[in-house]
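Beneath this line is the structure, given in structure tokens, with notes to follow.
Side chains included, hydrogens not; waters and symmetry mates left out as well; all remaining heavy atoms used. Proteins get letters first, then strands, A, B, ... in listed order; numbering begins at 1 in each.
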Amino acid sequence: MTERRPKIAIVVFPGSNDDRDAALAFEALGAEPALVWHGELELPRDVAAVALPGGFSYGDYLRCGAIARFAPVMAAITRFAADGGLVLGICNGFQILCEAGLLPGTLRPNASLTFACRDVPLVVERADTPFTSRCVAGQRLTIAIKHGEGCYFADEPLLSELEANGQIALRYEQNPNGSVAAVAGVLNAEGNVFGLMPHPEHAVDALLGSTDGALVLGSLVDAARDRALALV
Amino acid sequence: MKATVLVRPKPGILDPQGEAVESSLRHLGFAVETARVGRLVELELEAEDPERARDELERMCEQLLANPLIESYEITVAP
């Protein structure tokens, strides 16, 4: 059954609050979610992908994600990513991946200084990634954001590099937080790690206003399934 | 041994917190041109040698206290 339902590890930090939402979403989309406590030294066996959920890990003291990046499980995730494993960071998970150096750039307080909590329109820049394969390039998605520190920053040389490599997979149609180049989601250079501020796990059921998040998470489930099969 | 680390947003980096403080000060009638907000970390170290303490503090800044992409830091070791 594992090849049909790929196992996706969802890391639970103290202060994570979207871990169960992510688990429910992945389960609905055909994966087998496995909640993994931040104190674990290893990921469960046969994990096909890892997701870092939203929340306020370790109280987000100092800088968002700055302390979570030293959680014991992060060493295992760094090894997993270095081996080409698929890693997704949502909101606080994105902040943690940036602090950990698994993704370029960093996230800063919103330019407005206000917490932004609403559905936002996004544009898919890259549809040829393990995180967006169910989308088409140029597609418009509506997914909720809810963050106080989602202002993506990369300095000019780094930003040019990201643009040249096509690492900006998702952009805001109307910039809600002051992010440079309206970046909503960014890939690492290898394309196996992706972070985004919008919450796809809150957009998988029409009852909640949008099912566009299922395109993002479903893409990862597809890619994880392929990977699980390849590992058998 | 006591030490302080002053972490501040690098020049040119948007500092919305500083802007909010600046505008509040102006509203209070103060003639403020700019305000930038950083962070002061006070530490007590188990160290005898100020040079070694400084090396430790450098590593603390690189690893945790500052994000070199957006912040600069200044270390002061109390004599």
Any donor and acceptor pair, going by atom type alone, linking the side chain of A:S210 with main-chain N or O of A:A203 inside 3.5 Å? no

Q) Where do A:L215 and A:T132 land on the side chain to side chain contact (heavy atoms under 4.5 Å, CB included) test, with the steps shown first? A) CA-CA 7 Å; A:L215 298 172; A:T132 52; over 6 Å; no

Answer key: most heavy-atom pairs under 4.5 Å with chain B among A:E99, A:R108, A:R63 is A:R63

Output for pair (A:Y152 OH, A:N175 CG), nearest 0.5 Å, gives 13.5 Å

Whatever's closer than 4.5 Å to a heavy atom in chain A on B:E71 counts as side chain

Among B:L64, B:L14, B:L69, the residue with the most heavy-atom pairs under 4.5 Å to chain A is B:L64

Atom CZ of residue position A:F70 - does it have more than 12 heavy atoms of other residues, nucleotides or ligands inside 6.0 Å? yes

